[in-house]
Amino acid sequence: MLRCIELGKNGLGSTYPNPMVGSVIVTNNTIIGEGFTSAYGGNHAEVNAINSVSDKSLLKSATIYVSLEPCSHYGKTPPCADLIIKNKIKKIVIGCFDPHEKVAGKGIQKLRDAGCDVEVQILEKECRTHHKRFLTFHEKKRPYIILKWAETLDGFIAPDKNLRKKNPEPFWITNKKSRQLVHQWRAEEHAILVGTNTVLEDNPKLDVRDWQGNSPIRIVIDNHLKITKVHNVFDGSVKTFVLNSIKESTNSNENIEFLKLDFKNNLAQEICSVLYLKNIVSLIVEGGAKTLQSFIDANLWDEARIFRGNNMFEKGLKAPKIKGNKHSEQKIKQDTLTTYRND
Ligand SMILES: NC(=O)c1ccc[n+]([C@@H]2O[C@H](COP(=O)([O-])OP(=O)(O)OC[C@H]3O[C@@H](n4cnc5c(N)ncnc54)[C@H](OP(=O)(O)O)[C@@H]3O)[C@@H](O)[C@H]2O)c1
């Protein structure tokens, strides 16, 4: 099962909204096949694992291990449970249940009804951690939320506005290595969110130019439609949702889509609800202070990743305040990266 998790990680960032499942096929204590979920629209892990077995006659005496319950419904691909039954694999070992409303135990039932021996909840904790994004999405009906920011030694997220006016160049708090790590994180998540002021003041691209993989779907808060075509988030290179109170797009196929929200309600909650409807499985929130604090105050976050640089601003915009379980601390050259979990 640990090998399934290891394999599944190969799908991180490319399978959304599907889970990144890993699967291993064993007979006589020997691995005869392995697979993981292909990029969205492609094969599920079990299909790839079965396809990788060169001598298919071995399948009837084999055990298939899979980190998540096999699906039982027709999506972009036929049900994996049917494929396992068709290949006469008699023993199935499953890491954790799939809460997706179209599966939710039906995959296991289908296998048992066909006479298969099914073992469930093997290394369940590790498999649930591996599938944390997918499970949060289906169980809590919102994306898995990672908060990320960088603060100075004296606790500022941005320098004083007057100082910025005098010097329009970006004021970096962290070093290049930390910033590259952030691009890696972006490639791992389904979507990225920033507030209006961050777009207007920093004009970020929110992409993965210092890493490889997919750039996440961009989500910007723009209540009064202040962001204009000159801003990088409107370059059309990546699907972008504009959360506002004025207009709704009529064509959801366009790369820039306007979604209307009620800004009088709890905004973090509103955002979670609309992103759930848009099938966004995970979200990295990268600022600014007001946007991050909205998610903290609404207790709508799962992880926080906070860099502390080695410099001081003395005056400026204070970093958000967070309480959670400290999970790890590491040095990235002179920066300190502290992570928190909200559990
Ligand atoms: N160090 C870092 O890691 C980091 C990261 C990102 C940004 N920053 C810095 O942070 C600064 C911007 O931070 P900020 O706090 O001023 O702005 P922000 O969070 O980027 O944007 C705030 C704006 O977004 C809208 N908004 C966000 N949350 C809202 C809510 N809960 N309810 C209603 N509207 C909401 C509002 O726009 P309206 O006023 O139009 O309604 C609000 O003024 C920039 O200087 C940027 O450089 C630093």
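Keep in mind the model is a prediction, meaning the values are calculated, not measured. Order of listing sets the numbers, starting from 1, for every ligand and every atom in it.
- Distances from atom 37 (O) of ligand 1 to the heavy atoms of T174, T196, N266 put T196 nearest.
- The N/O atoms of W149, backbone and side chain alike, include none that comes under 3.5 Å of an N/O atom in ligand 1.
- For atom 14 (P) of ligand 1, the candidate residues are N197, I306, V199, D222; the nearest heavy-atom contact is made by N197.
- Checked options I192, L243, V199; the residue passing with V220 is V199 (criterion: side chain to side chain contact (heavy atoms under 4.5 Å, CB included)).
- Distances between N or O atoms of K148 and those of ligand 1 include no value under 3.5 Å.
- Ligand 1 has a nitrogen or oxygen under 3.5 angstrom from a nitrogen or oxygen of D202.
- For a threshold of 3.5 Å applied to N or O pairs, the pair formed by G288 and ligand 1 contains at least one separation below that value.
- The shortest N or O to N or O distance between E151 and ligand 1 is not below 3.5 Å.
- The part of L317 lying near ligand 1 is the side chain, judged by heavy-atom distances below 4.0 Å.
- Geometrically, K141 does not engage Y276 in a cation-pi contact, judged by NZ or CZ lying under 6.0 Å from the ring centre and within 45° of the ring axis.
- When ring centroids are compared, F307 and W185 come within the 6.0 Å threshold.
- For atom 26 (N) of ligand 1, the choice among V182, I221, L292, T152 with the nearest heavy atom turns out to be I221.
- The shortest N or O to N or O distance between A289 and ligand 1 is under 3.5 Å.
- Note: Y16 and H190 have parallel aromatic rings, judged against thresholds of 30 and 60 degrees for the angle between ring planes.
- Considering backbone and side-chain N/O atoms, A158 never comes within less than 3.5 Å of an N/O atom of ligand 1.
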